[in-house]
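Take a look at the structure below.
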Amino acid sequence: MKADSMDRRAFMTGAMASALAAGAVAQGPPVKSPNDRLGVGVIGCGGRSETHIATLMEMEKTDKTVEIVALCDIYRPRLKKKAEKIGRPLHEYSDYQELLKDPAVDMVTIATPDHHHGYQAIAALEAGKHVYCEKPMTHWRQWELAKKLSEVAAKAPGAFQLGAQRMSDTAYRQMKQLVKDGIIGQPIHAECGIFRTGDFGERGMPIDDPDAKPGPDLLWNEFLGDSPKRDFDVSRFFRWRMYEDYAGGPVTDLYPHVLTQVIDILGVTQPSQVVATGGIYRYPEREVPDTFNMFAEYPEKISIAVLGTQGSSYQGTGGRDDIRIPVIRGWDGALTIQDNDILFVPDDSVRASGRKEQRFPIEHGYNVLYLMRNLVECARSGARTLDSGPRLAFRTQTALLMGMAAWRAKKTAVYDVEKNAIVV
Ligand SMILES: NC(=O)c1ccc[n+]([C@@H]2O[C@H](COP(=O)([O-])OP(=O)(O)OC[C@H]3O[C@@H](n4cnc5c(N)ncnc54)[C@H](O)[C@@H]3O)[C@@H](O)[C@H]2O)c1
């Protein structure tokens, strides 16, 4: 492993290499002049970074507010592939801490395995950078880290956006406003979820190179991070989502995509208690569940059900963008989505008083571009009107990690308000 760290700097190229080698530690201001572009560093050059890079390249052309200036990955072949795709000289790093010292970097996107998100996002915010971090906020065993990230993000000069990209769908903001305006009366119940077939896609996560070995181009210790120390395993490295050391199954991989908007619509805080069921029912090669249902109770007297499996794909409610359409129920009626409208269905108890179904056209659906643009606008203006900001991300993460804790212990997870802790 010594060779890994000795050769790490060999990844770094470009003008910054000599400055950094000379020990220069740079911390750029979080907001440049409004006419400048934000320099972006992409951390993690695997599958998800395709979308980050494509979105940023589109913004380079259309918005002219950003410019990709640096890449970081601990697996050099993937980094090189992305550098070739971008097709111009970039600063290349294997160590994200080195990328964070690069004064050309104002903002980072993070698409590494779950157990790195929290550390990398905190370090980036502390270095004065803006952050677009993929969901989940942290790995399932890192609730304290999620708490720390939300605290750091609240004080940092940089803006933080969690990549729960359906938060860019106006449907959910419109539903939030309708609930606030009282259309359903007192909210009492909500359901949401995701149903899919395929173990992370029909063929699972790809193994780029079955003969890959640790060395200067593959930094195994850096992949492991704070997870249990283990000998190199090519499946763990490329197909990390199957293993509980690095992933959690649907609860952390998928449910940020559905629970975030429901929590936002309802304005609920931390659940008082959560129970969960599920297991490994279709894909025995996994360590993490493929089927997971959780039920969260909130002190606001609201129940939320999150349902799903990766073993069957019918959403049951029509579906919207590959997720189950949420239903938000109140004393006076329910809100859901039908076609391209938000649908209000009055409760039987209020129909007699003349309340009728109502439809509200949805302005636009989700697009990562909107979420990335929203972050860049906040970064440039100093505003903190983030569509998927740190407070909301932390509330969602708390509920999800209570679900995971409950499922693992086969008990009810309780939120202890006095201790500010999850107790199982
Ligand atoms: N928002 C979405 O719809 C969506 C979709 C897919 C993935 N994701 C999220 O994106 C993240 C990455 O998923 P993926 O499918 O791209 O995985 P991946 O394995 O394809 O890519 C991860 C990359 O991170 C690199 N890496 C690992 N440890 C690193 C470290 N310490 N520093 C720098 N690089 C490191 C790996 O070498 C790899 O190239 C996950 O957390 C996942 O939940 C989100």
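Ligands are counted one by one from 1 in listed order, and the atoms in each one are counted from 1 as well.
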Counting from 1, what ligand 1 atoms have a heavy atom of [X] closer than 4.0 Å?
X	result
Gln165	1 (N), 2 (C), 3 (O)
His257	1 (N), 2 (C), 3 (O)
Gln120	30 (C), 31 (N), 32 (N)
Tyr75	37 (O)
Trp240	13 (O), 17 (O), 18 (P), 19 (O), 40 (C)
Gly163	1 (N)

What protein heavy atom lies closest to [atom]? Include the residue and the distance to one decimal.
atom	value
atom 20 (O) of ligand 1	Gly47 N, 2.8 Å
atom 22 (C) of ligand 1	Ala111 O, 3.5 Å
atom 21 (O) of ligand 1	Gly46 CA, 3.3 Å

* Asked: Are any of the heavy atoms in Glu50 under 4.0 Å away from ligand 1?
  -> no
* Asked: Can any side-chain N or O of Asp341 pair as donor or acceptor with the backbone N or O of Arg359 at less than 3.5 Å?
  -> no
Heavy-atom proximity to [atom], best of [options]:
atom	options	answer
atom 14 (P) of ligand 1	Arg48, Met137, Lys81	Arg48
atom 42 (C) of ligand 1	Glu134, Arg241, Glu222	Arg241
atom 25 (C) of ligand 1	Asp73, Ile43, Thr112, Leu218	Asp73

* Asked: Quick one: do Lys82 and Glu50 make a salt bridge, cutoff under 4.0 Å?
  -> yes
* To do: Provide the full list of salt bridge (charged side-chain N to carboxylate O under 4.0 Å, His left out) pairs with a residue in residues 249-268, sequence neighbours left out, each pair given once.
  => Lys135-Asp253, Lys176-Asp264, Arg241-Asp253
* Asked: Who pairs with Arg286 by side-chain hydrogen bond (donor to acceptor under 3.5 Å, both in side chains), at least two apart in sequence or on another chain?
  -> Asp199, Gln310
* **Where Glu191 and Arg329 come nearest, the two heavy atoms and their spacing** => OE1-NH1, 2.9 Å
* To do: Would you please indicate yes or no on a ring centroid separation below 6.0 angstrom for Phe360 and Phe344?
  => no
